[in-house]
Structure formats: C-alpha cells, structure tokens
Amino acid sequence: VQLQASGGGLVQAGGSLRLSCAASGRTFSSYTMGWFGQAPGKEREFVAAISRSGVSTYYADSVKGRFTISRDNAKNTVYLQMNSLKPEDTAVYYCAADRTIMSATPHRQPWEYDYWGQGTLVTVSS
C-alpha cells in the first residue's frame with residue numbers, strides 16, 4: 001500500500017489542523033493505521049492508532065482529549081484532527097499502516113508498522 005499524507009501547515013497555539021492520509025490499493029480496510037510525529041532532533045513517536053473497522057482507537061497520553069484519529073474505508077483515507085495545538089506538537093507527522101490486527105495493546109513502535117507515508121510538517125507557533 002502507498003500512503004500520501006497532507007494537511008500540515010503553520011498554526012498558532014490553541015489552533016486546529018486536520019491531517020489526511022490517502023492510501024492506494026483496495027486493501028486499505030485490512031490495515032490498522034497509525035500516526036507518528038517526529039520533532040526536530042528527536043525520534044519518531046507514536047501519536048494515535050485506529051483499528052481496521054475504525055471502532056477502536058488508541059492515543060499517546062500527550063494528545064488524549066486533543067487529537068482524534070478516524071478513518072473512511074470507502075475513501076481509503078485516515079485522518080488526524082488536531083485541536084488545542086501546543087508548540088510542543090511541532091513535528092513532521094507520518095501516517096503508517098500495520099498488517100496486524102489491533103489488540104488491547106496496540107503497536108506503538110515505528111518498526112512494528114509496515115508501510116509509511118512521506119510526512120507532513122506541522123508547526124505550532126507560540
């Protein structure tokens with residue numbers, strides 16, 4: 001599967017952005033999907049994941065209550081709604097696809113995901 005992330009940009013603290021990740025192919029609904037963020041000089045970190053059906057979601061503690069992951073399998077797209085943004089949310093955000101079924105302990109490590117998009121930059125100014 002090929003992934004194309006978009007929707008990043010410059011926003012003031014407290015603002016919102018919606019990231020999208022479009023997937024190619026007919027098997028999008030067979031992947032658990034995740035979002036990761038990589039701040040300058042730091043490692044790529046888990047942000048959120050969503051099950052194949054979209055029923056189950058999982059978030060990093062740092063974004064709980066502020067970010068929402070969702071998916072539209074008919075459109076082969078996963079979204080990340082980012083609200084109440086903080087300067088520390090500044091990062092390149094990547095979407096990723098995982099061939100395994102989401103369990104009670106979803107995959108949080110980058111190496112556990114099989115396919116990656118190219119990333120979209122989110123900059124939050126103070």
Side-chain angles (χ1 to χ4, degrees):
V1 63
Q2 292 184 324
L3 305 174
Q4 181 78 30
S6 61
L10 174 63
V11 63
Q12 289 187 332
S16 298
L17 279 175
R18 187 196 197 200
L19 305 184
S20 298
C21 175
S24 64
R26 301 180 180 179
T27 59
F28 176 72
S29 60
S30 65
Y31 293 96
T32 295
M33 297 299 296
W35 285 97
F36 287 75
Q38 187 165 16
K42 295 188 177 181
E43 295 185 350
R44 196 168 298 188
E45 294 184 340
F46 172 80
V47 173
I50 188 167
S51 63
R52 297 174 175 186
S53 65
V55 169
S56 300
T57 57
Y58 188 74
Y59 297 92
D61 289 343
S62 60
V63 306
K64 278 182 182 176
R66 299 189 298 122
F67 291 9
T68 302
I69 188 171
S70 61
R71 68 190 295 163
D72 185 338
N73 286 341
K75 296 183 178 180
N76 283 8
T77 303
V78 61
Y79 305 97
L80 186 68
Q81 179 67 44
M82 311 168 75
N83 297 331
S84 302
L85 282 161
K86 304 175 181 180
E88 51 264 44
D89 294 321
T90 294
V92 176
Y93 285 80
Y94 298 88
C95 59
D98 180 358
R99 288 176 291 187
T100 58
I101 299 173
M102 179 186 276
S103 67
T105 54
H107 290 166
R108 298 171 58 99
Q109 301 300 324
W111 55 264
E112 295 177 302
Y113 286 75
D114 302 291
Y115 302 99
W116 291 85
Q118 86 290 358
T120 185
L121 176 63
V122 172
T123 304
V124 185
S125 63
S126 57

Are [X] and [Y] close enough that some pair of their side-chain heavy atoms sits under 4.5 Å apart?
X	Y	result
His107	Thr100	yes
Gln12	Ser125	yes
Tyr79	Asp72	yes

Which heavy atom in [X] sits nearest to a heavy atom in [Y], and how many Å separate them?
X	Y	answer
Ala39	Thr90	CB-O, 3.7 Å
Thr32	Arg52	N-CG, 4.0 Å
Ile50	Ser70	CD1-CA, 3.5 Å
Gly37	Val47	N-CG2, 3.5 Å
Ala23	Leu3	CB-CD2, 3.6 Å
Ala48	Leu80	CB-CD1, 4.3 Å

Once you measure the plane-to-plane angle for Phe46 and Tyr58, does it fall in the parallel (<30°), tilted (30-60°) or perpendicular (>60°) bin?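 Phe46 and Tyr58: tilted rings.
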Approximate separation, where rounding is to 0.5 Å, of [X] [atom1] and [Y] [atom2]:
X	Y	atom1	atom2	value
Ser16	Arg66	OG	CZ	10.5 Å
Gln4	Asn76	CD	CG	13.5 Å
Ile69	Ser51	CD1	OG	9.5 Å
Arg71	Cys95	CZ	SG	11.0 Å
Cys21	Tyr93	SG	OH	15.0 Å
Ser20	Gln81	OG	CD	9.5 Å

Just one of Asn83, Leu85, Leu19, Leu17 clears the side-chain contact (heavy atoms from CB on, under 4.5 Å) bar with Phe67, so which one?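 Between Phe67 and the candidates, side-chain contact (heavy atoms from CB on, under 4.5 Å) is satisfied uniquely by Leu85.
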What pairs with Lys64 under side chain to side chain donor-acceptor pair (under 3.5 Å), at least two apart in sequence or on another chain?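 Residues passing side chain to side chain donor-acceptor pair (under 3.5 Å) with Lys64: Asp61.
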Report yes or no: do [X] and [Y] belong to one cluster of Ile/Leu/Val/Met/Phe/Trp/Tyr joined by side chain heavy-atom distances under 4.5 Å?
X	Y	answer
Val11	Met82	yes
Trp116	Tyr31	no
Val78	Val1	yes
Val92	Phe36	yes

May I ask you to decide if Gln2's main-chain N or O and Ser24's side chain share a donor-acceptor pair within less than 3.5 Å?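 Checked: pair present.
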Looking at Gln38, is its backbone amide N or carbonyl O close enough to the side chain of Tyr94 to form a donor-acceptor pair, meaning the two atoms are under 3.5 Å apart?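 Checked: no pair found.
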Looking at Tyr113, I'd like to know if the NZ or CZ of Arg44 sits under 6.0 Å from its six-membered ring centre while staying within 45 degrees of the ring's axis.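 Arg44 over Tyr113 ring: no.
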With a 6.0 Å cut-off (strictly less than), is the heavy-atom count around CD of Gln118, excluding the residue itself, greater than 12?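 More than 12 within 6.0 Å, yes.
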Does CD1 belonging to Ile101 count more than 12 external heavy atoms closer than 6.0 Å?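 It does not: Ile101 CD1 has 12 such atoms or fewer within range.
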Pairs in or reaching into residues 106-126: which pass salt bridge (charged side-chain N to carboxylate O under 4.0 Å, His left out), with residues at least two apart or in two chains?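 Output for this query lists Arg99-Asp114.
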Applying disulfide (SG to SG under 2.5 Å) as the test, list every pair that has at least one member in residues 96-126; sequence neighbours left out.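 Found none.
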